[in-house]
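These notes are about the structure you will find just below.
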Number of protein chains: 2
Amino acid sequence: MTKPLQDRTITGPERPASLKDVAQLAGVSLGTVSNVLNRPDVVSAKRRRAVEAAMKDLNYVPNLAARQLKAGLSTVLGLIIVEMGNPFYGGVTLGATQAAAARELGLFTASSELDAKREVQYLELFEQQRVRYILLVPCGVDTSAARVVADRGTPVVLLDSLDTPGFCSVGADDFTGGKLAAEHLIEQGYERITVVGDPAHAQVVNRHYGALAAIENYPNLTSSFIRTHGMTVSEGRRVGEEIAARPADHRPDAVFATNDMLAIGLLQAFTMLRTIRVPDDIAIIGYDDIEFCASAVVPLSSVAQPSLEIGASAIELAEAELADGETHVHQRKLLQPSLVIRESTVGSA
Amino acid sequence: MTKPLQDRTITGPERPASLKDVAQLAGVSLGTVSNVLNRPDVVSAKRRRAVEAAMKDLNYVPNLAARQLKAGLSTVLGLIIVEMGNPFYGGVTLGATQAAAARELGLFTASSELDAKREVQYLELFEQQRVRYILLVPCGVDTSAARVVADRGTPVVLLDSLDTPGFCSVGADDFTGGKLAAEHLIEQGYERITVVGDPAHAQVVNRHYGALAAIENYPNLTSSFIRTHGMTVSEGRRVGEEIAARPADHRPDAVFATNDMLAIGLLQAFTMLRTIRVPDDIAIIGYDDIEFCASAVVPLSSVAQPSLEIGASAIELAEAELADGETHVHQRKLLQPSLVIRESTVGSA
DNA sequence: GTTGCAGATTGATACGTTTCAATCTATGCT
DNA sequence: AGCATAGATTGAAACGTATCAATCTGCAAC
C-alpha cells in the first residue's frame, strides 16, 4: 500500500481558493458565503464574521470570469484607441477611466497603433471577453468590423469620429473651435488672418470653415489659407519661413494654425529669424493645447479639445444604449472645445 | 388557457449563441462542436462542415470567460503603466503588444496616472480577472500591493523600475546611457561638459554617474553638474539663461541634459538670446529621444530608451516565470539605450 | 458471418459563481 | 404548550466551455 494521500500535503500548483473552499473552512454552505459577498444583510453577524475570517485565511479572491459567466453581462468595458502615447488619447482614456470608476466598472484599454488589422483583433478579443460594451476610436473610415460586432450584440460607441449612421458617437465640434480661435484673434484687434493646415484632414476643413464664419461678420477683415502637406512641426516651420520672406505689408498679422505642431513650427521660424516678434508683429494660435504649448518660447494660445469629456460622454452613451435595449435610437454628441489664451495672441500693449 | 409559449417567438434579450445552440442546430453533440474548435482533426469532414455552417448561422462567438474558467489559466495579460499619453510608455506598450500577439495572447492596458490608489485598483481588477500575469510600471517605490498579488499566485513583473528583490524586473541601463552621451560629446571634441538634472530622480543620478565614468578617463576634460528642481522645459530654460549670463570662458562647451524637456528648454534659451549658437558654441544632448527632438529648431541629439524592448522582455520574463513554477528564481534584465545623433552635437566643421 | 479494431461521437463532469425555492431555527404570541 | 412567522441557512440548478471515459459506427480480416 502506498502512503495515504493526505500525508503528502499537496501545496502543488496552488489553485486559488474558491467560494467552496471558504465555505468548507468556515463550516457553512456555499450559498451563505455567496450571500456574505452579495447580500451581507441577510446573513447573521456570527456567521458573517466566520466567513470573512475564512476568506482572509485562504486569501480568497473572487473570480470575475465565473461571476461574469453567471451574470451574462460583464462589469468591464473595452476602449480601443489609435495611438498610445498621444496625449490627446491619454485624455480621452483618463476621462473614460474616471467615468467608469464612478460606475464601479473596470476599463481595459488597447491600442490599434493606426493598424486596422489590430483594431479588428481587439474588437474580437473584447467581444469574446464579453465586455459590457466597446468604445472605439476608429483608425479609418471603415467601420464595417465594428458594425459586425455591434450587430452581434455588443454595443459599440465611436469616439472622435464623424457622425456615423448606426452607431452612437461622440466628437469634438471643430467648426466651433475654429470660430472660437478666429473670434479671439478678432477681439484682440488682429485684422489679416491666415489659416494654416492640411485640408486632407476633415477636422482641418471644419476648423477653417469655423474661422471663416467668424471672419465674414467683419467686412474690414481679410483672410487667407495656406495649405500644408501634413501637420508637422517642420511643415509649420516651412510656412513660417515663407511668410517671413514676404514684404512686411504682405504678411498676415495673425496665424491660426489648425494644430499645435504647425503652430510650434511657425513660432520656431519667427523666433529664429528674429525679424518677426510674436505676438506684436504676428500672433499665433494653435489647436489641441498639447502640453508643449505652455512651455514654448512664447507660450502658445490654443484651442483645447474636450478630451476628458469625450471619454466620459462615450460611457454615458454606451450605458444608455445598454439600458434602452431594443428601443435604442443612436445618438450623436458633439462636445465643445475651449479657448486657452496665452502670450502668443495677447499684444503687450 | 394562455397562448402556448413557442408562439410568441421570443427574440428577446438576444442571448449570444453558445456551443449548445450550435450543437443543436448542427444535430451533433456538444462535445463534437467543442472538438471542431479545439481538435478539428478528430472529427469527420462531413460533421465539421455542418458544425461550421451552424456557427456561421448563429453568429457564434466563443466565450472567453467560460473558456478561462474551465482552463484555469487565461490567455490575456494585464499591463499597468503610469501615464497614458506619455510616448515612452506608448513604446513600452507597443513592444508588449507585439510580443503578446506573437504568442497569441491578448493584452489589456490600464493606466494608474501616477495615482497609487488607482494602481492598486487595477492590480486587483486584473487579479480578479485571473489574467495570466501582470506587467507593472510602478508609480512609486512601494511595491507592497504588488507583493500581495504576486504572493497569491499571479506573477508580477516590474517594468522601468529599480531592481526589486522578490520580483522579476526589467529596466533601462541609465548608467550606460549617460556614459554613451558623454562619450559621444568627448568624441566630438567637446572638453567642458556640464550635466543638468534633478538628482531627486534615481535615473538622473545614474545617468550622471555614467557620464562621469566616461569623463574621468580623460584628464584634460572638466565637468560640472547643475541641479534643477524638476525636469521641465522651463527649468531647462532657466538653466540655459543662467549659463548664457556667464562670461564666455566660464561656459561649458557641451551640456548633457538628463532628459529631453530640459534639453529643449536649454535650446530655447540659447536660441532666443542669440548669443550662443548650437552646437558651435555649446552642444546639447538630451535623454529619452521624444518625438520633438527631431523637429526642434536645431534637431536634438538624444539617448533613446529601449522602450519597445522593455515591453517585449517583460513578457519573456513573465512567461518564463509561469513556466518555471515553484522552481522559479527572479531575474533582472537591464536593457541598453542607444545614441541618436542629430545636429545639436555635431559641429558644422 | 463473426470478431476485432480504429476512428468518430457522445454524455457526464467540473470549473466558480449566483440565484432561488425549500428547509430549518428561533422568537413572540395566545 | 402550541403555533404562526420572520429570518437564517441550505442545496440544487444554471451559465458556456473542455476533457475524457464510454459508447457507437463501419470496415477489414478471418
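As a basis for the values below, the full set of heavy atoms in this structure was taken, side chains included, without hydrogen atoms, waters or symmetry mates. Within every chain, numbering begins at 1; the chains are lettered A, B, ... in the order of the sequence lines, protein sequences first and strands thereafter. Everything numeric here is computed off the predicted structure, so don't read it as measured data.
Rounding to the nearest 0.5 Å gives a distance of 13.0 Å between CD1 of I310(A) and CG of L94(A). Expressed to the nearest 0.5 Å, how far CG of L114(A) lies from CG of N86(A) amounts to 9.0 Å. Of the inter-residue distances, the one linking T97(B) atom OG1 with L308(B) atom CG reads 9.0 Å to the nearest 0.5 angstrom.
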- Would R130(B) and T154(B) satisfy side chain to side chain contact (heavy atoms under 4.5 Å, CB included), going step by step from the backbone distance to the final call? CA-CA 8 Å; R130(B) 298 283 197 275; T154(B) 304; over 6 Å; no

- Message: The test is side chain to side chain contact (heavy atoms under 4.5 Å, CB included); show your working for E83(B) and F88(B) and say whether it passes.
- Response: CA-CA 9 Å; E83(B) 214 179 353; F88(B) 172 68; over 6 Å; no

- So I134(A) and V157(A), side chain to side chain contact (heavy atoms under 4.5 Å, CB included) or not? Walk me through it. CA-CA 6 Å; I134(A) 298 174; V157(A) 172; over 6 Å; no

Grab the N/O contacts between the protein and nucleotides 24-26 of chain C below 3.5 Å, and write none if there aren't any.
none

Heteroatom pairs (N/O) under 3.5 angstrom, protein to nucleotides 15-18 of chain D:
residue	atom	partner	partner atom	Å
dG16(D)	OP1	R15(B)	NH1	3.4
dT17(D)	OP1	Y60(B)	OH	2.5
dT17(D)	OP1	N63(B)	N	3.0
dT17(D)	OP2	L19(B)	N	2.5
dA18(D)	OP1	R67(B)	NE	2.8
dA18(D)	OP2	S34(B)	OG	3.4
dA18(D)	OP2	N38(B)	ND2	3.1

Any N/O pairs under 3.5 Å between the protein and nucleotides 23-25 of chain D? List them or say none.
none

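Here the P atom of nucleotide dT19(D) and the CG atom of N35(B) are 9 Å apart, to the nearest Å. Distance, Q24(A) CD to dT10(D) P: 13 Å, rounded to whole Å. Atom-to-atom, CG of D41(B) to P of dA8(C) comes out at 9 Å; the value is rounded to the nearest Å. Atom CG in L73(B) sits about 13 Å away from atom P in dG16(C), given to the nearest Å. Rounding to whole angstrom units, CE of residue M55(A) and P of dG16(C) are separated by 14 Å.
With respect to R152(A) and E127(A), a salt bridge is recorded, a charged nitrogen being found less than 4.0 Å from a carboxylate O.
Regarding contacts with the backbone of dT9(C), a side-chain N or O of R47(B) is found under 4.0 angstrom from either OP1 or OP2. Residue T32(B) places at least one side-chain N or O closer than 4.0 Å to OP1 or OP2 of dT10(C).
Donor-acceptor pairing under 3.5 Å is recorded for the side chains of R332(A) and S169(A).
Note on ring orientation: taking the six-membered ring where Trp is involved, the planes of F126(A) and Y122(A) are tilted (angle from 30° to 60°).
Considering V51(B), V33(B), L58(B) as possible partners of L25(B), the one that fulfils the side chain to side chain contact (heavy atoms under 4.5 Å, CB included) test is L58(B). Residue Y133(A) forms a side chain to side chain contact (heavy atoms under 4.5 Å, CB included) with just one option from L136(A), V131(A), L135(A), and that option is L135(A).
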